[in-house]
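Let me begin by presenting the structure, written as structure tokens, before commenting on it.
Reminder, nothing fancy here: chain letters follow the sequence lines and each chain counts from 1.
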2 protein chains.
Amino acid sequence: MNNPIYKNIKEKINISEQDFNNFLSLTKNSQVKKHDFFIHEGDVTKYIAFVKSGVLYSYTVDKKGDKHVVQIAVKNHWISDLFSFFSQEVSVFNIQAIEDSEITILSKDNFEKACNTIPAFEKFFRILIQNAYVDSLRRVSRIYGNSAEERYLKLVKTNPQIIQSVPQHYIASYLGIKPQSLSRIRKKLYN
Amino acid sequence: MNNPIYKNIKEKINISEQDFNNFLSLTKNSQVKKHDFFIHEGDVTKYIAFVKSGVLYSYTVDKKGDKHVVQIAVKNHWISDLFSFFSQEVSVFNIQAIEDSEITILSKDNFEKACNTIPAFEKFFRILIQNAYVDSLRRVSRIYGNSAEERYLKLVKTNPQIIQSVPQHYIASYLGIKPQSLSRIRKKLYN
DNA sequence: TTCATTAGTTAACCTAGGTGAATGCAAGAC
DNA sequence: GTCTTGCATTCACCTAGGTTAACTAATGAA
């Protein structure tokens, strides 16, 4: 089977094509135009999204009004506010499309259905939240243990696709610095 | 019932004294002497601990050999490497006692038993991991959106117990700064 | 086409926090 | 009791990244 979602799930759990097709029938295809919202801060998160094409990103806005990019999801990655999705509390994140994107979405109700009929999915989604947790922990230690330059190099190495397809000011925000500083770092590096 | 663990669990889920007593029979009391380890980096986490007295803290060590405090657990709080505990992968954290401490521990096996016999516990522990995840997310945005001084003030306000009972260099590390800088900040504030 | 935005770059200057070293003080070890 | 070790403080100096502002190039709407 050549479906990218199937491949993505297969990386984490064992699942038959049959079960996957059942799962797929619970999802819906959808589109998000450039700059349109997938999740609005203050709403309860109803869907989890798999990015088929394009790029989505999540961010918070602090009391000073500054935006902080938290996650960037390129092709073949999942994105949502997992905490809000699982707890059904309101989201503190916004998720928006950086460019026109095609996504496959799964609602909370159908997520429950998938878990009930295909037990392995419970595990798959528990792994998703665990990974999100670990990502966040890693991020904290990366901020504390590395300079912005080191964090940028790390990103270039582990996520070249993000570097290629995302405007720099999003990347700067994701790294926790200003666009001018990223520009300065890049200048220094590519000399 | 006057048991602090009962109180702590009651804050998150509804549970009868009967069920709680069953749960309690699955736990063990233990002690950690000052500077002794509860969890060693590289081991699989076998226990989750409730701090009855004393203070425990978790930290990572980066490639440069610098220590970064991740969590500080005073009386009546839980501590463990939840990721390692649930996934049974090796831990990247060390957890040590800051002072002689009394803890109540629950093993992975007994955790499974508790979940099987008292379904509400599954929820309780899912909430623990969700909260840990949210804490970590909040921490990232606090680092990006606030100065060390603001982070310190926030800690004083929301966690005075930590300020009172933990030596300053641990707090500095938790805030992501050096002890000298915390000293400077405190001097500036208390003038 | 033209005018207005938005993105990226550069540069001068500023500041929060790091670094290294010195000092004083309290607590264990013996 | 002295010796040592660890913690907090202070100070002088340094540096990564923020700030402001100017300039350019690219995109987009009318």
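For the residue pair K63(B)/N146(A), the side-chain donor-acceptor check at 3.5 Å is satisfied.
Aromatic ring pairs are classed by plane angle as parallel below 30°, tilted from 30° to 60° and perpendicular above 60°; the pair F124(A) and F121(A) is perpendicular. Between Y144(B) and H68(A), the two ring planes are parallel [angle under 30°; tilted spans 30° to 60°].
In the set dG18(C), dG17(C), dG17(D), dG18(C) carries the atom at the smallest distance from any side-chain atom of K178(B).
In this structure, NZ of K34(A) is placed 8 Å from C1' of dT27(D), rounded to the nearest angstrom. Rounded to an integer number of Å, the gap from NZ of K33(B) to P of dG28(C) is 13 Å. Protein atom CD1 of I185(A) is 10 Å distant from nucleotide atom P of dA16(D), rounded to whole Å. Put simply, OH on Y144(A) is 17 Å from C1' on dA16(D), counting in whole angstrom units. Rounded to whole angstrom, the span from the CD1 atom of I143(A) across to the C1' atom of dA16(D) amounts to 15 Å. Whole-Å rounding puts the D62(A) CG to dG18(D) P distance at 13 Å. Computed from coordinates, the D100(B) CG to dG28(C) P distance equals 10 Å when rounded to whole Å.
By the neighbour-count criterion of 12 heavy atoms within 6.0 Å, atom NZ of K10(B) is densely surrounded, having more than that number from other residues, nucleotides or ligands. Enclosure of atom NZ in K64(B) by more than 12 non-hydrogen atoms of other residues, nucleotides or ligands within 6.0 angstrom is indicated. Atom NZ of K154(A) has 12 or fewer neighbouring heavy atoms from other residues, nucleotides or ligands inside a 6.0 Å radius.
Using a 4.0 Å cutoff on non-hydrogen atoms, the parts of residues 146-159 of chain A near DNA chain D are S147(A), A148(A), ordered by number.
Two rings, from F85(B) and F111(B), have their centers less than 6.0 Å apart.
The residues E112(A) and K108(A) are annotated as salt-bridged, a charged nitrogen and a carboxylate oxygen being separated by less than 4.0 angstrom.
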Donor-acceptor list for residues 31-52 of chain A side chains, cut-off 3.5 Å, not counting sequence neighbours:
residue	atom	partner	partner atom	Å
E41(A)	OE1	N94(A)	ND2	3.0
T45(A)	OG1	S84(A)	OG	2.9
K52(A)	NZ	N29(A)	OD1	3.1

Short heteroatom pairs, N/O only, protein and nucleotides 6-11 of chain D, under 3.5 Å:
residue	atom	partner	partner atom	Å
dA8(D)	OP1	Q168(B)	N	2.7
dA8(D)	OP2	H169(B)	N	3.0
dA8(D)	OP2	H169(B)	ND1	3.0
dT9(D)	OP2	Q168(B)	NE2	2.6
dT9(D)	OP2	S183(B)	OG	2.9
dT9(D)	O5'	S183(B)	OG	3.1
dC11(D)	OP2	K187(B)	NZ	3.2

